[in-house]
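Worksheet for the structure shown next.
No hydrogens, no waters, no symmetry mates; every other heavy atom, side chains included, goes into these values. Everything numeric here is computed off the predicted structure, so don't read it as measured data.
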Amino acid sequence: MSILKIATLGEPVLRQRARELSTDELASARWQGFIDDLIETMRDADGAGIAAPQVFTPVRVAVIEVKGNNPRYPYKPPIPLTVLVNPTLTPIGDERFDNYEGCLSVPDLRGVVQRHARVRVQYLDRQGQPHDVEVKGVSAGTFQHECDHLDGRVFVDGVGDPTTFSTWKNWERHHKAAFVERITKVVERYGS
Ligand code: NI
């Protein structure tokens, strides 16, 4: 396994629509090895998720994992390791919440993005098995963030109020306390 180089904002690969992976490709050693590398890269960078375009590979694959003690996102509820292949994401209902997001491709910047509070996610796992799940709350925000990458979108596109942009240090200093208070209510409401 190896740790892959992460593309940062301005790289054209982050702005294109990624292509579907065929089930034959998915079963191959090459793409199984790529998924292993993507997981290792996410864990090495303490990311809550990473999408294939972020490592210069524009295919519709993303991985998500939140452990209880993520230093970048200590307030996030845990999400077990999930490999999304060719996912489609559909909002359920109209409920939304404000999420303070960051991204491995946007170093040292966070900003508030409005996200759907409930989404349906249909995807293949790394064995090619189909899944159809509902994801709620803060975890739903994480799935939306990663699926956006597959369509060339980055969280900065969705920041409605540019005055919320903050370096990580200033976020810790000036914004974290109020956000954690707000997001804790979201976690309590949706259970995730
Ligand atoms: Ni990202």
is_close_aromatic(Tyr75, Phe179), centroid dist under 6.0 Å: yes
- prompt: Can you list the residues that meet the side-chain contact (heavy atoms from CB on, under 4.5 Å) rule with Thr184, with sequence neighbours excluded?
  reply: Val180, Glu188
- request: Using modelled atom types only, decide if a donor and an acceptor are shared between the side chain of Thr164 and the backbone of Val112 within a distance under 3.5 Å.
  value: yes
- prompt: So, the side chain of Thr57 versus the backbone of Val55: is there a donor-acceptor pair under 3.5 Å, distance only?
  reply: yes
statement: Distance col, row Asn170:CG vs Phe165:CZ, nearest 0.5 angstrom, shows 14.5 Å
message: Check whether Asp132 reaches the backbone of Gln122 with its side chain - one donor and one acceptor, N or O, closer than 3.5 Å.
response: no
- request: Give a yes or no on this: more than 12 heavy atoms of other residues, nucleotides or ligands lie within 6.0 Å of atom NZ of Lys136.
  value: no
task: In sequence, state the C-alpha distance, the side-chain angles, and the governing distance for Thr163 and Asp161, and then conclude on side chain to side chain donor-acceptor pair (under 3.5 Å).
output: CA-CA 5 Å; Thr163 69; Asp161 177 359; 2.6 Å; yes
query: Is the backbone N or O of Gln127 less than 3.5 Å from a side-chain atom of Asp125, with the two atoms forming a donor-acceptor pair by type?
result: yes
query: Between the main-chain N or O of Ala51 and the side-chain N or O of Gln54, is there a donor-acceptor pair closer than 3.5 Å?
result: yes
message: With heavy-atom distances below 4.5 Å as the criterion, would you say the side chains of Asp148 and Arg115 are in contact?
response: yes
- prompt: If only atom types and distance count, is the side chain of Thr8 paired as donor or acceptor with the main-chain N or O of Ile6 below 3.5 Å?
  reply: no
field: Salt bridge present between Lys5 and Glu11 (N-O < 4.0 angstrom)
entry: no
Shared-cluster residues of Ile3, by chain and number - hydrophobic side chains joined below 4.5 Å: none
Side chain to side chain, Arg60 and Leu124, heavy atoms closer than 4.5 Å: no
query: Does His149 reach the side chain of Cys103, with side-chain heavy atoms less than 4.5 Å apart?
result: yes
- prompt: Distance-only, no hydrogens or angles: does the Arg15 side chain make a donor-acceptor pair with backbone N or O of Gly152 under 3.5 Å?
  reply: yes
